[in-house]
Each structure stands twice: as structure tokens, then as C-alpha cells.
Protein chains: 2
Amino acid sequence: MILEKKKMFNDFSASKGLRSTRQRDIILDIFLSTHQHVSVEELYLKIKSSNPGIGHATVYRTLKLFTEAGLAREILLHDGQTRYEHVVKGEHHDHLVCTGCNSIIEFEDETIEKLQEEVAARHGFLIKNHKMEIYGLCANCRR
Amino acid sequence: MILEKKKMFNDFSASKGLRSTRQRDIILDIFLSTHQHVSVEELYLKIKSSNPGIGHATVYRTLKLFTEAGLAREILLHDGQTRYEHVVKGEHHDHLVCTGCNSIIEFEDETIEKLQEEVAARHGFLIKNHKMEIYGLCANCRR
DNA sequence: CTTACAACTGAAATTGAATATCAAAAGCAT
DNA sequence: ATGCTTTTGATATTCAATTTCAGTTGTAAG
Ligand SMILES: [Mn+2]
Ligand SMILES: [Mn+2]
Ligand SMILES: [Zn+2]
Ligand SMILES: [Zn+2]
């Protein structure tokens with residue numbers, strides 16, 4: 001799982017002529033060890049604690065590379081913090097976002113995905129990706 | 001249509017004890033005259049050209065009021081610009097966003113909306129609102 | 001093992017959207 | 001008209017994110 005991701009990034013680096021650096025290895029390790037939907041700042045602080053030398057800019061740059069390489073996905077919620085989640089090959093999910101406690105529930109719905117394809121086809125539109133976020137209150141926050 | 005919106009905002013203002021000001025009237029007029037999905041900066045520039053006195057902050061503040069009043073909706077795409085679109089009472093739509101030419105196609109799909117309700121119900125989640133954006137290439141940009 | 005050079009890094013500066021501040025102006029109930 | 005409160009807008013500030021650039025590092029060739 002983790003090795004597979006590292007291989008993915010190695011292959012990506014090779015294909016792009018990128019170099020292998022200590023910083024990228026460390027950032028990938030720590031990213032893979034975080035929970036889903038980690039914010040850049042959260043990740044940066046976690047990295048700092050074991051590797052004080054690594055800079056802000058490098059973390060931002062490297063997360064963009066992970067996204068390009070297909071092992072991370074950018075998430076923009078409504079809190080001004082960009083988050084990244086882990087991409088699992090062949091899987092896709094969307095989000096229920098609780099505005100009460102900020103928790104995020106993931107879900108998959110094959111029928112919705114199919115209908116999206118149909119909508120796109122009806123407009124001659126070629127889908128690259130999509131996002132769907134449902135905002136509201138989770139079971140805990142409702143009562 | 002436009003009169004109805006103005007009434008909506010008047011009612012909202014009254015209910016909140018807000019005052020009626022020249023600036024809010026102008027901003028509402030010009031907002032209602034813009035295309036869908038106008039960015040704050042676009043709107044601000046349009047306002048400036050006929051009303052040089054009106055400030056940046058007022059435009060931001062007033063758009064938030066429109067959103068609260070239920071006649072505008074905030075849209076965050078991936079270009080770092082907050083956009084606002086017109087809300088038509090009783091209607092809802094989502095977006096196909098072309099990454100080639102930045103055009104936006106609106107669509108409605110009642111079945112998808114129903115399925116979202118079901119997903120939420122399955123998780124005991126109470127929906128307040130949602131957004132769905134499908135990114136890709138429009139018919140023109142495909143070829 | 002050098003050397004050469006492009007890629008990479010990180011501290012610091014910069015950008016840019018959005019918000020906060022606060023004195024002056026304007027709305028409104030009396 | 002008066003008095004009080006809201007609103008405004010120039011300006012400052014915030015904060016995430018990007019850019020800059022001099023120094024460092026990876027790597028391929030000699
Ligand atoms: Mn997720
Ligand atoms: Mn729209
Ligand atoms: Zn919750
Ligand atoms: Zn297009």
C-alpha cells in the first residue's frame with residue numbers, strides 16, 4: 001500500500017525527469033501517515049517536528065507534485081485552508097461535511113456517478129474529474 | 001423578476017433592522033444586471049465605472065448580505081476568485097466547468113438530488129446545501 | 001572520484017483575496 | 001432639527017499561497 005504509493009511517485013518522478021531528494025521522501029512518508037483531509041499547515045507542522053529544516057514552500061510544492069502524480073487530491077472546503085486527501089487507485093468518493101463539528105463523512109454512490117456521466121454526455125462534455133460536497137449536520141450534531 | 005429580487009432584499013433588510021442605503025441599491029442593481037458567476041472583482045470594477053465612490057469593502061459586505069437574503073450564492077471554483085451567482089427561488093442547479101475556456105454550463109438533475117437525500121439519510125445526516133461541480137472539456141474545447 | 005550543471009531548497013519577500021479598523025457620513029425614529 | 005446607531009470607505013492588516021534567488025544537492029559524464 002505505502003510501498004505502492006512510493007513506487008507511483010518514483011515512476012512519476014522518473015517520467016518527468018525529477019530528482020530524488022531527502023525532502024520529498026520525508027514529505028511523502030509523513031503525508032502517507034496522516035489522516036484523510038489533512039491541511040497543508042497541519043502537515044507542515046507535523047513535518048517540522050521531526051525535520052525542522054524543511055521549508056514551507058517545499059511542502060506546498062511537493063503536495064502539488066503528489067497531486068500531479070495521482071496520489072493526492074486537493075480539497076477546497078469553505079474554511080480558507082486547502083486540504084489534501086489520499087487517492088486510492090480505482091476508488092472514488094465524495095463528502096458529507098458537517099458544519100457543526102467539521103467532521104467529514106466519505107461516501108460512494110455508483111448511481112450518482114453514472115448519472116453525472118449521462119448529464120455530461122447530454123452536453124457533449126468530457127469529464128476529467130468532479131467533486132460533490134454535501135453540507136449540513138451529522139447525526140451527532142443534529143440533536 | 002428584478003423587482004421581486006429588490007423586494008426580497010427589502011424584506012430581508014426590514015426583518016434584520018438593516019438600513020436602506022444608496023450603495024446597497026446600486027450594488028444590487030448592478031449585480032442583477034451581470035451575467036451568472038460574476039467574480040467580486042469584476043462586479044467591483046463594473047460598479048466603480050459608474051460609481052467611483054463605492055469601496056471595495058462595501059461590495060464584499062453587501063454580497064454577503066445578498067447571500068444571507070437568499071438572492072445570491074457563493075461559488076468557489078479553483079481559481080482563487082469567489083464568484084456569486086443569482087439564486088432563482090425554487091430552483092437549483094449544478095455546474096459543468098470547462099477547464100479549457102472557463103465557461104460554465106448549468107444543469108439540473110432531479111434524480112441526482114434525490115439520491116443525495118438518500119445518501120444523507122443513510123448516514124443520519126441533515127442536508128443544508130450542497131455543491132456539485134464537474135470539471136472537464138466542453139463540446140467546443142474537445143476538438 | 002572529480003567536475004559540471006541543472007534541479008532543488010528554504011528564508012525571505014511578495015502577492016492577492018478577504019477582513020478588520022475607525023473616523024466621518026448617512027439613515028431614521030422621535 | 002436632534003440624537004443615536006448603522007453604514008461607509010480609505011487604509012491597515014491578515015493569511016494562505018507563490019515567487020525570488022543565492023546557496024545546496026543530485027546526477028550523469030569524464
Ligand atoms: Mn475524502
Ligand atoms: Mn450557476
Ligand atoms: Zn457534526
Ligand atoms: Zn470550453
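Throughout, protein chains are lettered first and strands after them, A, B, ... in sequence-line order, and every chain is numbered starting at 1.
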> Which part of the nucleic acid, if any, lies within contact of A/G17, taking any heavy atom under 4.0 Å across all strands shown: a base, the sugar-phosphate backbone alone, or nothing?
Replying inline: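 Counting heavy atoms under 4.0 Å across all strands, no contact is made by A/G17.
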> Going by atom types only, do B/E85 and B/H93 share a side-chain donor-acceptor pair under 3.5 Å?
Replying inline: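 Indeed, the side chains of B/E85 and B/H93 share at least one donor-acceptor pair under 3.5 Å.
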On the nucleotide [N], are OP1 or OP2 found under 4.0 Å from the side-chain N or O atoms that [X] carries?
X     : N      : answer
A/T21 : C/dT9  : yes
B/Q23 : D/dT7  : no
B/T82 : C/dA18 : yes
A/K64 : D/dA17 : no

> Does B/E4 CD have over 12 foreign heavy atoms under 6.0 Å away?
Replying inline: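 Counting neighbours around CD of B/E4, 12 or fewer heavy atoms of other residues, nucleotides or ligands fall under 6.0 Å, so no.
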>> Please check if the number of heavy atoms outside B/K128 that lie under 6.0 Å from its NZ is greater than 12.
In response: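 Counting other residues, nucleotides and ligands, NZ of B/K128 exceeds 12 neighbours.
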d([atom1], [X]; [atom2], [N]) in whole Å:
X     : N      : atom1 : atom2 : result
B/D79 : D/dA17 : CG    : C1'   : 14 Å
A/R22 : C/dG10 : CZ    : C1'   : 12 Å
B/H78 : D/dT18 : NE2   : P     : 13 Å
A/K16 : C/dA7  : NZ    : P     : 14 Å
A/H56 : D/dT20 : NE2   : C1'   : 17 Å
B/Y60 : C/dT21 : OH    : P     : 18 Å
A/Y84 : D/dA17 : OH    : P     : 8 Å
A/R19 : C/dA4  : CZ    : P     : 16 Å

> Can B/D25 and B/K6 be said to form a salt bridge (charged side-chain N to carboxylate O under 4.0 Å, His left out), step by step?
Replying inline: CA-CA 9 Å; B/D25 288 347; B/K6 293 192 180 181; over 6 Å; no
> Start at the 5' end of DNA chain D and walk down; is the nucleotide closest to B/P52 or to A/A57 reached first?
Replying inline: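 Result: B/P52.
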>> Between A/S20 and B/L76, which residue's closest nucleotide on DNA chain C lies nearer the 5′ terminus?
In response: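 Its nearest nucleotide being more 5', the pick is A/S20.
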>> Nearest heavy atom decides the nucleotide; on that basis, is B/Q81 or A/R61 closer to the 5' end of DNA chain C?
In response: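 Looking at DNA chain C, the more 5' nearest nucleotide goes with A/R61.
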> In a check of side chain to side chain donor-acceptor pair (under 3.5 Å) between A/E41 and each of A/H56, A/R83, A/Q81, which one passes?
Replying inline: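 That would be A/H56.
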